[in-house]
Amino acid sequence: MPVKDVCAIKDVCAIAGIGQTRFSRSLDEPEKALACRAVLAALDDAGIDPSEVDAFASYTMEETDEVEVAKAIGAGDVTFFSKVGYGGGGSCATVAHLVAAVATGQASVGVAWRSRKRGSGIRPWTSTAVQLPTPAQWTRPFGLLRPADEIGMLARRYMHEYGATRDHLFNVALACRNRANQNPDAMMYERPLTREMYMTARWICEPLCLFDNCLETDGALACVVVPAERARDCRHKPVYIHCVAQGLPAQHHGMVNYWNDDPLTGPAWTAARHLWKNADFGPQEVDVAQIYDAFTPLIPLSLEGYGFCGRGEGAAFTEGGALEIGGRLPINTGGGGLSEAYVHGFNLITEGVKQLRGTSTAQVPDAATCLVTAGEGVPTSALLLRS
Amino acid sequence: MTAASTAPASTTPGGMLLPWADADGAPFWEYAGRHELRMQGCSACGRLRFPPRPCCPHCHSFDGEWTLMSGRGRIWSYVFPHPPLLPAYARLAPYNAVVVELAEDPRLRLVGNVVAIADGPLNGVPADRFRIGAPVRVCFHDMAEGVTVPRWLLEDR
Ligand SMILES: [Zn+2]
């Protein structure tokens with residue numbers, strides 16, 4: 001059967017519920033319990049009984065299997081389950097996979113989640129016993145050990161090619177911190193950031209300092225995806241999933257993307273082409289964006305990739321308060337991975353929902369459209385949400 | 001090289017990570033052991049490719065050959081990692097890690113370290129000597145019995 005319409009999933013599904021645990025450097029409960037709490041909170045938010053859940057999606061890095069979540073929350077027969085790879089690149093794809101399942105009738109109530117004790121647990125890069133042979137054999141023996149080192153390499157090149165400065169990266173860190181200072185659930189709620197603090201902070205990997213890096217967080221989040229008509233009967237105003245995309249560019253090599261023709265053109269560009277091809281609106285009509293921010297340089301790279309400015313203009317875009325409330329494109333309005341919580345980007349999805357419900361702690365007036373993105377640099381994904 | 005290919009935890013006695021090769025990458029490390037920098041090329045269409053893989057993305061031939069490089073390149077980018085790091089690397093921090101683009105094809109890039117001499121430490125060249133575009137040439141450092149990595153020396157100009 002031929003594909004009738006490439007936009008067959010457009011606005012067909014909605015996010016009807018969101019849930020989260022507390023965010024902290026250290027939570028007592030294990031990841032499995034946190035996962036169950038977040039999932040149950042999201043279902044309660046939607047007003048849907050857990051026995052109705054028949055689809056699950058999460059990350060390959062998620063330690064709690066759908067089997068464990070399903071039996072703990074009392075799900076019924078589950079007919080669709082999926083896991084997406086590449087760490088934070090999979091965040092939006094979990095929702096995208098549920099949309100594909102629900103829109104094609106394979107399931108009717110989907111739950112996506114991420115639970116992670118990255119604050120009190122181990123740092124993945126500290127393992128010397130487990131090395132993925134590709135591409136680690138080309139990087140780790142040379143002391144390029146951590147994601148911060150891998151992105152630092154791209155950041156230095158980006159600064160060299162386009163005249164980006166540390167002040168531009170500070171603009172990103174500050175916008176996220178300012179929003180966190182408005183969000184009582186954010187880990188950095190009571191911790192303002194100044195330019196002086198940023199410029200004198202210790203290095204993590206030159207040219208990146210402490211404040212260019214995301215937080216280390218224990219926490220879990222979840223959301224519920226249902227058909228749009230079902231969402232209209234739920235407790236909250238539906239947030240429609242307008243378009244979704246994943247992105248794996250030609251000749252891409254993961255976070256150490258140093259080997260394609262143009263390493264500064266990352267997966268965001270691929271996801272964006274697909275997203276905007278199918279959307280009813282363009283980047284200029286995006287009211288608010290939640291852009292994956294494990295590291296500050298990912299923001300200018302993503303601003304370019306998703307078409308908010310031209311190639312090489314992402315750093316300059318951050319000037320003049322453009323990323324703040326009232327600016328050209330308010331971003332990461334809960335504080336993002338840099339200042340609310342770093343749970344592989346899932347808090348960006350839930351914050352997008354809050355903005356379109358009108359319930360964010362840093363509400364953009366009359367926000368009707370929101371872009372949510374997943375990790376740039378790794379194979380990625382993105383969502384366009386609308387009210 | 002066989003040892004490094006099969007050992008699950010591969011570090012030097014001092015804790016430096018050894019390359020853990022896969023089947024595609026093994027020839028690179030074997031040639032490095034002979035102090036030769038060779039890159040995988042396609043026997044059918046002649047194009048070089050990196051990282052190594054089973055077949056040519058351009059013409060889909062599975063016939064490959066390993067072509068000797070001049071060993072010359074330029075710094076494409078560089079970083080100076082600081083702690084927290086694995087202990088062996090933390091002791092050297094801040095050290096350098098670079099990406100070098102090869103003279104034969106600037107799209108062929110290798111992660112490595114700039115050193116003052118082949119067997120010198122990773123923090124042996126002052127930070128102010130680094131700049132993007134700086135010419136470098138390859139040298140080789142034997143990390144352990146049968147395990148050799150390419151490294152880079154700054155050219156005089
Ligand atoms: Zn070929």
Closest contact, heavy atoms only, [X] versus [Y]:
X	Y	answer
B:Ala97	A:Phe142	CB-O, 3.8 Å
B:Ala21	A:Gln137	CA-OE1, 3.1 Å
B:Val99	A:Met153	CG2-CG, 3.5 Å
A:Asp149	B:Pro81	OD1-CB, 3.6 Å
B:Pro83	A:Ile204	O-CD1, 4.2 Å

Is it true that, when you exclude [X] itself, more than 12 heavy atoms of the residues, nucleotides or ligands shown sit nearer than 6.0 Å to its [atom1]?
X	atom1	result
A:Glu206	CD	yes
A:Tyr86	OH	no
A:Arg191	CZ	no
A:Arg195	CZ	no

Could you tell me which portion of [X] (side chain, backbone, both or neither) has an atom closer than 4.5 angstrom to a non-hydrogen atom of chain A?
X	value
B:Tyr78	both
B:Tyr95	side chain
B:Leu92	neither

Problem - Side-chain heavy-atom pair A:Trp138, B:Pro19 within 4.5 angstrom cut-off - result: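 They are not in contact (no side-chain heavy atoms under 4.5 Å apart), so the answer is no.
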Handout entry: B:Met16 side chain near A:Pro141 side chain, heavy-atom distance below 4.5 Å
Key =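 Sidechains of A:Pro141 and B:Met16: no contact.
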Could you check whether any side-chain N or O of [X] sits under 3.5 Å from a backbone N or O of [Y], counting only pairs where one atom can act as donor and the other as acceptor?
X	Y	value
A:Arg140	B:Leu17	no
A:Arg156	B:Ser77	no
A:Tyr258	B:Arg109	no

Practice task
Take the angle between the ring planes of B:His82 and A:Trp203 and call it parallel below 30°, perpendicular above 60°, tilted in between.
Solution key: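 Rings of B:His82 and A:Trp203: tilted, 30 to 60°.
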Rounded to the nearest 0.5 Å, how far does [atom2] of [Y] lie from [atom1] of [X]?
X	Y	atom1	atom2	value
B:Leu85	A:Arg123	CG	CZ	9.5 Å
B:Arg107	A:Asn260	CZ	CG	10.5 Å
A:Leu208	B:Phe80	CG	CZ	13.0 Å
A:Thr139	B:Leu110	OG1	CG	11.5 Å

Handout entry: Residue A:Leu145 versus chain B: region with a heavy atom under 4.5 Å
Key =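 For A:Leu145, side-chain heavy atoms alone lie under 4.5 Å from chain B.
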Exercise for the section: Let me know if A:Arg146 has heavy atoms under 4.5 Å from chain B in its side chain, its backbone, both or neither. Expected result: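 Contact with chain B involves the side chain of A:Arg146 alone.
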Problem - Partner chain A: residue of B:Gly25, B:Ala93, B:Pro84 with the largest heavy-atom pair count (under 4.5 Å) - result: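 Winner by heavy-atom pair count: B:Pro84.
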